There are 4 protein chains.
Amino acid sequence: MDTRKKLINSAKRLFSKKGYYETKVSDIVADAGLSQGTFYIYFKSKEDIFKELVKDMSEKIIRLLKEYASKEDDIETIIKNATLDFFRIMYEEKPIAYIFMFQLIGINEEFRKLYFDKNRRVRELLNNIVKKGIEKGNFSYKNAENIVNILMGYVRIVYLEYLLKDKASLDEILNMVNEGIDVILKGVKT
Amino acid sequence: MDTRKKLINSAKRLFSKKGYYETKVSDIVADAGLSQGTFYIYFKSKEDIFKELVKDMSEKIIRLLKEYASKEDDIETIIKNATLDFFRIMYEEKPIAYIFMFQLIGINEEFRKLYFDKNRRVRELLNNIVKKGIEKGNFSYKNAENIVNILMGYVRIVYLEYLLKDKASLDEILNMVNEGIDVILKGVKT
Amino acid sequence: MDTRKKLINSAKRLFSKKGYYETKVSDIVADAGLSQGTFYIYFKSKEDIFKELVKDMSEKIIRLLKEYASKEDDIETIIKNATLDFFRIMYEEKPIAYIFMFQLIGINEEFRKLYFDKNRRVRELLNNIVKKGIEKGNFSYKNAENIVNILMGYVRIVYLEYLLKDKASLDEILNMVNEGIDVILKGVKT
Amino acid sequence: MDTRKKLINSAKRLFSKKGYYETKVSDIVADAGLSQGTFYIYFKSKEDIFKELVKDMSEKIIRLLKEYASKEDDIETIIKNATLDFFRIMYEEKPIAYIFMFQLIGINEEFRKLYFDKNRRVRELLNNIVKKGIEKGNFSYKNAENIVNILMGYVRIVYLEYLLKDKASLDEILNMVNEGIDVILKGVKT
DNA sequence: AATGAATGAGGCTTCATTCAT
DNA sequence: GATGAATGAAGCCTCATTCAT
């Protein structure tokens, strides 16, 4: 594996485990089996590699949502499938997802802004999907933004309480999410 | 106002604005108009004052939920009123709520554990309330834990996207939350 | 002696002996018998303390020249006395004078600019003195700027080759300078 | 142009512009369009290439002075012509002359010694020329060393204030120097 | 000869904490 | 109780130099 990749992987694991400030550059290079200096060949600074992780993650999520947004299926199916797929990605990318969803917001002012920036795109895409559902007359509750709130809030908390903690297998989690989304959609429809 | 209170207030504002690590003890004392040494008369360490803030907040929330848990009203009314009251507290204690809900989880390993610790109590109390609803036959969806997920996730995200950002007045937010809880409860009942 | 003064004195000696880059902050504090951290209570950075030394020196020189510029003596006497006094100051402040006259120019781009900045004032003041001599008809060579060149060049080199090296006693140097200035002034007059 | 020459040229420009310490080996190779490793094929170290520049310059000056020292012209003519030729060389080799005359002295202890070493030869040669003038009875001021001080000081400062700064054309500078040397020699003679 | 990735020593700076007054 | 100067450990980053290809 190439050096840069090694650093990215170590950074991912460590940032996610110990947080941004408690992860030292020296930890990352030690974990990657490299020397301090090597880090700075590939990344300008500790901030730099962190932002790269965040960028990778948000791009992955946005790509997923875009794909689903363009599908012509029934809206409820789209929402459900997108959510389940989303959890699959989260599962594969557990550390980085944690960084993205739970560390970024709290680190400092600059990173909080970055979080809201990246997050806006995600909300927009989800909003468009939900709006389509409203336009098609599927939903009786018409406030798309608030529906997005319920959906995204639910997803976030399930990630935090189940996926991150390895409290349940991916399948068990997907089952639970399946039910959860059903409940939410039922509420929205009636 | 006494010295200790001054320090607490400054810490609250600063931790919430800049995060735990970007808030220096020197910032706190400067903001409070005191000297470095004074800080250590009242608090053992920076960690110490931070934990005190977290403790205060979680106690406030738990007190609120306990109160509602013991009420004999209709469950849906309890949930709705508790949630709205919760937002009123969040509104008053915006900085500390932010610290509790969004910074604590991401800071480091120790604080993440602390978060889950404090949070467990909250979830338990909410769980008990929801269970009562299920037992009384109000809810057709029987998975209390998952209902709590939906409710708590929703509350968290509304705090983050609206209350924290001053995107809307308290009343507007309460109206939106009112609708949101309705939608969720509808889904749970049918 | 107070801490700040101790740091200034150590810095003066060390910068002058070893140059800007070879003088480490750790050298300065070790020499002053203090800890690393203490340095940063009194100075923002290594650059900061260095600039302070330069500022002190240039102010001292300018003050001297201003004083002589306002005297109503015979111009030749003013030039001679100012020069001799100048050497007395250089003698007392040997390290810092060396820094000012010979290190500053060569360190880096920023410091070179600083040097020319500080130096301009010195040249202006000397120029005014010389111009008065020309106006009074004392000098047959009328190019004040070029006369300043000869005088300042001479002073610089005597400092470098005699004073800095402890090659001769102050008195011997002053005698030599006395003669040197005489020779220059003779050339200017005839 | 061969690789070694490329490195020398880049080093010359960069050392002169940014100073010894602010010029990184990476800057030099980047400027020369080569890789880091290549540098060490041609030079043992950064110090090594710097010393080579200094050596080249001092040899050039010494060669010039030797040539003039052996001439059988009238001494004043020798001094004047040597000085003017000297400025022509400085003009062609502006960067390296700057390094030699103004950076070397201030960099660190070792380089200061190197400067005085190289400089001694120059002073000796000039001294011999001036002594001849005294012996021939051309000069009434008999202190050759001090005459050398005036001449060398003047040359140094003109280089610094005019040539380095591109404040005037070579011809204008040569005219000024012509006058300056005249004034000095007049002072020496009478 | 040329490359450029890797090294690691060491410098500057920050900041939580202590302690004498 | 309050002060604030002093501490020193530790982190980030730079950069001259090496070496395998």
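Heavy-atom basis, side chains included; hydrogens, waters and symmetry copies ignored. Everything quoted here is computed from the prediction, not taken from an experiment. Chain identifiers are assigned alphabetically (A, B, ...) following the order of the sequence lines, protein sequences preceding nucleic acid strands; residue numbering begins at 1 within each chain.
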Separation of [N] [atom2] from [X] [atom1] (nearest whole Å):
X	N	atom1	atom2	answer
D:Asp2	E:dA2	CG	C1'	14 Å
C:Ile41	F:dT3	CD1	P	17 Å
B:Gln36	E:dC19	CD	P	15 Å
C:Asp48	E:dT14	CG	C1'	16 Å
D:Lys46	F:dT18	NZ	P	15 Å
C:Tyr21	F:dT14	OH	C1'	13 Å
D:Phe50	F:dT17	CZ	C1'	19 Å
A:Phe43	E:dA5	CZ	P	14 Å

Lys/Arg cation over aromatic B:Tyr20: B:Lys46, 6.0 Å, 45° cone: yes
If you assign each of B:Glu22 and C:Val25 to its closest nucleotide in DNA chain E, which residue comes earlier from the 5' end? C:Val25
Mapping D:Phe39 and C:Tyr20 onto DNA chain E by nearest heavy atom, which one lands closer to the 5' end? D:Phe39
In Å, rounded to the nearest 0.5 Å, how long is the span from CG of A:Leu7 to OG1 of A:Thr38?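 If we round to the nearest 0.5 Å, A:Leu7:CG and A:Thr38:OG1 are 7.5 Å apart.
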Given that B:Ser35 and A:Glu47 both sit by DNA chain F, which one's nearest nucleotide is further toward the 5' end?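 Upstream on the strand: B:Ser35.
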Watson-Crick or G-U counterpart of F:dG11, or none if no pair lies under 3.5 Å: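 Here F:dG11 is engaged in a pair, and the nucleotide opposite it is E:dC12.
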What is the pairing partner of F:dT18, taking Watson-Crick or G-U wobble pairs with both distances under 3.5 Å in any strand?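 Its partner is E:dA5 (Watson-Crick or G-U wobble, both distances under 3.5 Å).
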Before accepting this row, confirm whether a basic side-chain N of the pair C:Lys94/C:Asp166 lies closer than 4.0 Å to the acidic partner's carboxylate O. yes
Lys/Arg-Asp/Glu bridge criterion (N-O < 4.0 Å) met for B:Arg120, B:Asp117: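 Looking at B:Arg120 and B:Asp117, the cut-off is met.
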Between [X] and [N], does any side-chain N or O lie under 4.0 Å from OP1 or OP2?
X	N	result
D:Thr38	E:dT3	yes
C:Lys24	E:dG11	no
D:Thr3	E:dA1	no
B:Tyr40	E:dT17	yes

Students often mix this up, so state it plainly: with edges at 30° and 60°, are the rings of C:Tyr115 and C:Phe100 parallel, tilted or perpendicular?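 Tilted.
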Within the 4.0 Å heavy-atom criterion, would you say C:Tyr42 contacts the bases, only the backbone, or no part of the nucleic acid?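 Sugar-phosphate, backbone atoms only, no base.
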